[in-house]
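Accompanying notes for the structure given below.
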Number of protein chains: 2
Amino acid sequence: METAEVETASADLEMIIHGRSGRNKPETRLWLRMLSTTKLITAEIRRRLRAEFGATLPQFDLMAQLYREPDGLRLGELSRRTMVTNGNVTGLVERLEADGFVQRVTPDGDRRVTVARLTPAGTEFFETMAAAHEGWLRDIMADVEPAAIAALWSEIGAVKTSASNHLSGAAFE
Amino acid sequence: METAEVETASADLEMIIHGRSGRNKPETRLWLRMLSTTKLITAEIRRRLRAEFGATLPQFDLMAQLYREPDGLRLGELSRRTMVTNGNVTGLVERLEADGFVQRVTPDGDRRVTVARLTPAGTEFFETMAAAHEGWLRDIMADVEPAAIAALWSEIGAVKTSASNHLSGAAFE
DNA sequence: TGTTATTATTTTAAGTTTAAACTATATGGG
DNA sequence: CCCATATAGTTTAAACTTAAAATAATAACA
């Protein structure tokens, strides 16, 4: 080991801002920790999706939404539910359609609308991935007390509600 | 208002997987809520950074790391701390350098190395943004009890630790 | 019936993202 | 000195991302 250079080791995105030495307000500290934790887990799931299924995380998310709606969803609705912009959904659906997992239909009534739905192959593929996904999360959170998991779920709900009520921009309801 | 169509309203990425009706395991439920909350807040901060400062979130994150290290950081170290891939850091630093906020230097000892550091303009710019950023977070979490914020910080720490200990891929320590 | 506005989706431009391949250095033996 | 190997960054290809502009179709209504 070299000289000084204390080495923070695990990617620390935390204690980033303000006082130049990490004296942040509680809200900022919490946010940085939420963000880094989410990034960590997201990266892990992304890696596994790719390695085991050759799929990307946004594809998985999109298919997850369609899985719950056997009749399919309009692209706009899909956009809201996945929290992905409109234009983005277009591309995602295109690629998934090319892979044979999703199908696009324009209903009779309104020709502006496009409805996307899973094909049988897409349904089967998603079910396999979803089962694995669930196992990964159990694994990733294996060292967390069940009580803490429940508590977190509810407390994060409060954060989500507060955030929803203080949005500036494009956020309805 | 049309017909039935219950309207989940706020973008629900939650209750996505498994049972086709939202009967997920606690770990999955927690994960989906963490993810959607993080996405919500991230989008809000991104919007405000862009609107008020014309900056992007990754740029802000990168500058935040450099701010803490007046002597600058090697690009590889910067990559680890921001949790952004190597190649990505290259582009980010390039653009920030073009804007005059960051400066690149190759030290004498090892010509493979590039160290990035904030310019005076970059430091000043970041300080302004950081102050606003802190205020936004206080605003966003305004309805959350201080005690809950503290509890969350510690419990999410447990999740982060557990996740760190169950990584499959490229994650050292 | 013609606007005018609204809604649904696509396109565009710029930026971010990843993983993998590539280019220089450095370093450590023979 | 030469070669194998490791290290630091950059480049590349494909995908994702956003915000904003552009299309297209429908609805509203004077």
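Heavy-atom basis, side chains included; hydrogens, waters and symmetry copies ignored. Numbers restart at 1 for each chain; the letters A, B, ... are given by sequence-line order, proteins then strands.
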> Do any side-chain nitrogens or oxygens of Asn88(A) fall under 4.0 Å of OP1 or OP2 in dT18(D)?
Replying inline: yes
>> Salt bridge check, Arg48(B) against Asp139(B): does any charged N sit closer than 4.0 Å to a carboxylate O?
In response: yes
> Okay, side chain of Thr28(B), backbone of Glu134(A): is any donor-acceptor separation there less than 3.5 Å?
Replying inline: no
>> In whole Å, I'd like the distance from the CG atom of Leu49(B) to the P atom of dT18(D).
In response: 15 Å
>> Under 4.0 Å, heavy atoms only, any strand: does Gly76(B) hit a base, just the sugar-phosphate, or nothing?
In response: sugar-phosphate
>> Please compare Gly91(B) and Asp110(A) by the position of their nearest nucleotide in DNA chain D and report the one closer to 5'.
In response: Gly91(B)
> Is a donor on one side and an acceptor on the other found under 3.5 Å between the side chain of Ser164(B) and the backbone of Lys160(B)?
Replying inline: yes
>> In whole Å, I'd like the distance from the CD atom of Glu77(A) to the C1' atom of dT7(C).
In response: 14 Å
> Rounded to whole angstroms, how far apart are CZ on Arg46(B) and P on dG15(C)?
Replying inline: 14 Å
>> Is the phosphate of dG15(C) approached by Gln59(B) (side-chain N or O, under 4.0 Å from OP1 or OP2)?
In response: no
> Does the side chain of Thr56(A) get closer than 4.0 angstrom to OP1 or OP2 of dT18(C) through an N or O atom?
Replying inline: no
> Given dA19(D), is OP1 or OP2 found less than 4.0 Å from the side-chain N or O atoms of Thr85(A)?
Replying inline: no
> For the pair made of CG in Asp108(A) and P in dA25(D), what is the distance, rounded to whole Å?
Replying inline: 15 Å
>> From CG of Leu92(B) over to P of dT10(D), roughly how many Å is that when rounded to an integer?
In response: 12 Å
> Would you say the base of dT9(C) and the side-chain of Arg112(A) have a donor-acceptor pair closer than 3.5 Å?
Replying inline: no
> Counting only side-chain N and O atoms of Arg50(A), is one of them less than 4.0 Å from OP1 or OP2 of dA19(C)?
Replying inline: no
> How close or far is atom P of dT16(C) from atom CE of Met63(B), stated in whole angstroms?
Replying inline: 13 Å
>> Heavy-atom count check: over 12 atoms from other residues, nucleotides or ligands less than 6.0 Å from Glu52(B) CD?
In response: yes
>> Check this one for me: any side-chain N or O of Arg104(B) less than 4.0 Å away from OP1 or OP2 of dT10(D)?
In response: yes
> Expressed in angstrom and rounded to an integer, what is the separation of Leu62(A) atom CG from dA15(D) atom P?
Replying inline: 15 Å
>> Apply side-chain contact (heavy atoms from CB on, under 4.5 Å) to residues Met34(B) and Leu152(A) and explain how you reach the verdict.
In response: CA-CA 9 Å; Met34(B) 279 182 64; Leu152(A) 272 165; over 6 Å; no
>> Between Arg111(A) and dA24(D), is there a contact of a side-chain N or O with OP1 or OP2 at under 4.0 Å?
In response: no
>> Heavy atoms only, 4.0 Å cut-off, all strands: where does Val89(B) land among base, sugar-phosphate and nothing?
In response: nothing
>> Side-chain N or O of Arg95(B) versus OP1/OP2 of dT16(C): is the shortest distance under 4.0 Å?
In response: yes
> Quick one: is dT11(C) close enough that its OP1 or OP2 comes under 4.0 Å of any side-chain N or O from Thr90(A)?
Replying inline: no
> For DNA chain C, whose closest nucleotide is more 5', that of Asn86(B) or that of Glu94(A)?
Replying inline: Glu94(A)
> Would you call the rings of Phe126(A) and Tyr67(A) parallel, tilted or perpendicular if under 30° counts as parallel and over 60° as perpendicular?
Replying inline: tilted
>> Between P on dG15(C) and CG on Asp61(B), what's the gap in Å once rounded to a whole number?
In response: 17 Å
